[in-house]
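Please read the structure below before turning to the comments.
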Amino acid sequence: MMSIFSKNQPTTDTDSSPHESEENVQETTSQEQASDLAAYVPEPVTRLESASRPSVLSKPSIISEGFTFEGTITSDGVLNIAGTVRGKITAKSVLIDSTGQVDGELNSEQLVIKGQLKGDVNCEDLNVGPIAHVDGNISYKYIHIQRGGKVAGKFIKN
């Protein structure tokens with residue numbers, strides 16, 4: 001039997017009985033698999049561990065200026081929006097930049113709005129910037145509206 005992890009084919013003894021040669025082949029194959037697995041297993045495990053580190057999650061996802069996205073966005077990290085999003089957004093932290101526009105449903109722990117937002121929002125910490133325009137049903141725990149920020153709609157404190 002040949003190992004899928006090895007390019008070498010196992011050797012068989014011509015003088016031994018068929019039962020003994022199978023045992024030799026199996027032992028060789030098992031040893032080859034074990035040594036090959038030892039060489040390959042640590043790297044994928046390392047990648048899985050690094051994917052769960054906070055440093056990987058700290059890199060923001062960006063919707064650039066001039067880009068329009070329609071659909072659903074889900075993120076465990078930070079989302080920066082400088083373009084246009086129409087749809088549903090769920091993220092740990094969202095920044096709508098001064099050129100950013102969101103039309104739809106937004107759920108996040110931290111929400112900073114410098115641009116325009118129209119729709120239903122559920123967040124813990126809401127910060128509305130001085131040139132922001134917000135219109136919709138906004139559910140929040142903490143809110144800060146800077147001078148000049150425009151807000152309209154129904155605001156519900158959790």
Side-chain angles (χ1 to χ4, degrees), residues 1-9 26 29-158:
M1 179 180 279
M2 186 172 144
S3 168
I4 61 171
F5 296 105
S6 175
K7 293 179 183 176
N8 300 333
Q9 295 207 9
Q26 288 174 351
T29 303
S30 296
Q31 289 172 353
E32 286 175 358
Q33 285 176 348
S35 66
D36 288 343
L37 284 176
Y40 288 109
V41 170
E43 190 160 343
V45 170
T46 303
R47 287 183 187 157
L48 290 173
E49 290 172 354
S50 66
S52 66
R53 290 183 187 159
S55 64
V56 172
L57 295 176
S58 67
K59 293 182 181 179
S61 297
I62 300 170
I63 303 294
S64 300
E65 187 174 353
F67 186 85
T68 300
F69 179 88
E70 293 186 11
T72 301
I73 298 174
T74 304
S75 172
D76 290 334
V78 177
L79 175 62
N80 291 350
I81 302 170
T84 302
V85 176
R86 292 185 193 100
K88 182 178 179 179
I89 300 170
T90 303
K92 183 172 178 119
S93 178
V94 176
L95 166 65
I96 302 172
D97 206 351
S98 59
T99 59
Q101 296 180 345
V102 173
D103 187 4
E105 182 181 335
L106 196 150
N107 299 291
S108 73
E109 289 179 20
Q110 294 181 329
L111 174 58
V112 176
I113 305 169
K114 295 180 179 181
Q116 297 181 14
L117 170 67
K118 183 176 183 180
D120 297 331
V121 175
N122 184 10
C123 66
E124 285 190 28
D125 190 8
L126 173 62
N127 187 331
V128 179
I131 61 170
H133 293 267
V134 181
D135 186 6
N137 298 317
I138 315 296
S139 176
Y140 64 92
K141 188 171 183 179
Y142 304 104
I143 189 169
H144 178 79
I145 302 172
Q146 295 180 20
R147 181 178 301 172
K150 294 181 171 89
V151 295
K154 185 176 181 181
F155 283 69
I156 304 161
K157 181 168 174 56
N158 288 336

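- Closest approach of Ile131 to Lys114, counting heavy atoms only: CG1-O, 3.5 Å.
- Side chains of Val85 and Ile73 form a contact here, defined as non-hydrogen atoms less than 4.5 Å apart.
- Going from atom CD of Glu124 over to atom OH of Tyr142 covers 7.5 Å, rounded to the nearest 0.5 Å.
- Within the 4.5 Å cutoff, no side-chain heavy atoms of Leu106 are placed close to those of Asp120.
- For the residue pair Leu79 and Ala91, the shortest heavy atom distance occurs at CB-CB, 4.3 Å.
- Listed by chain and residue number, nothing satisfies the side-chain hydrogen bond (donor to acceptor under 3.5 Å, both in side chains) test with Asp135 (two or more places apart in sequence, or in another chain).
- For the pair Thr68/Arg86, a side-chain contact is recorded, criterion being any heavy-atom separation below 4.5 Å from C-beta on.
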Using a 3.5 Å cut-off and no angle test, enumerate the donor-acceptor pairs between side-chain atoms of residues 149-158 and protein atoms at least two apart in sequence or in another chain.
| unit_1 | atom_1 | unit_2 | atom_2 | d |
| --- | --- | --- | --- | --- |
| Lys157 | NZ | Lys141 | O | 2.6 |
| Asn158 | OD1 | Ser139 | OG | 2.9 |
| Asn158 | ND2 | Ser139 | OG | 3.0 |

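- For residues 94-109, the pairs satisfying side chain to side chain donor-acceptor pair (under 3.5 Å) are Glu105-Asn107, with sequence neighbours left out.
- Taking OG1 of Thr84 as the start and CZ of Phe69 as the end, the distance is 12.5 Å to the nearest 0.5 Å.
- To the nearest 0.5 Å, atom CD1 of residue Ile62 and atom CG of residue Asn80 are 5.5 Å apart.
- Using a 4.5 Å heavy-atom threshold, the side chains of Lys92 and Asp76 count as separate.
- When the options Val134, Ile143, Ile145 are evaluated for a side-chain contact (heavy atoms from CB on, under 4.5 Å) with Leu126, the one that passes is Ile143.
- At least one side-chain heavy atom of Val102 sits under 4.5 Å from a side-chain heavy atom of Ile81.
- Contact annotation: the side chain of Leu111 never approaches that of Asp125 to less than 4.5 Å [non-hydrogen atoms, C-beta and beyond].
- Proximity of Lys88 to Thr90: side-chain heavy atoms (C-beta onward) are separated by under 4.5 Å at one or more points.
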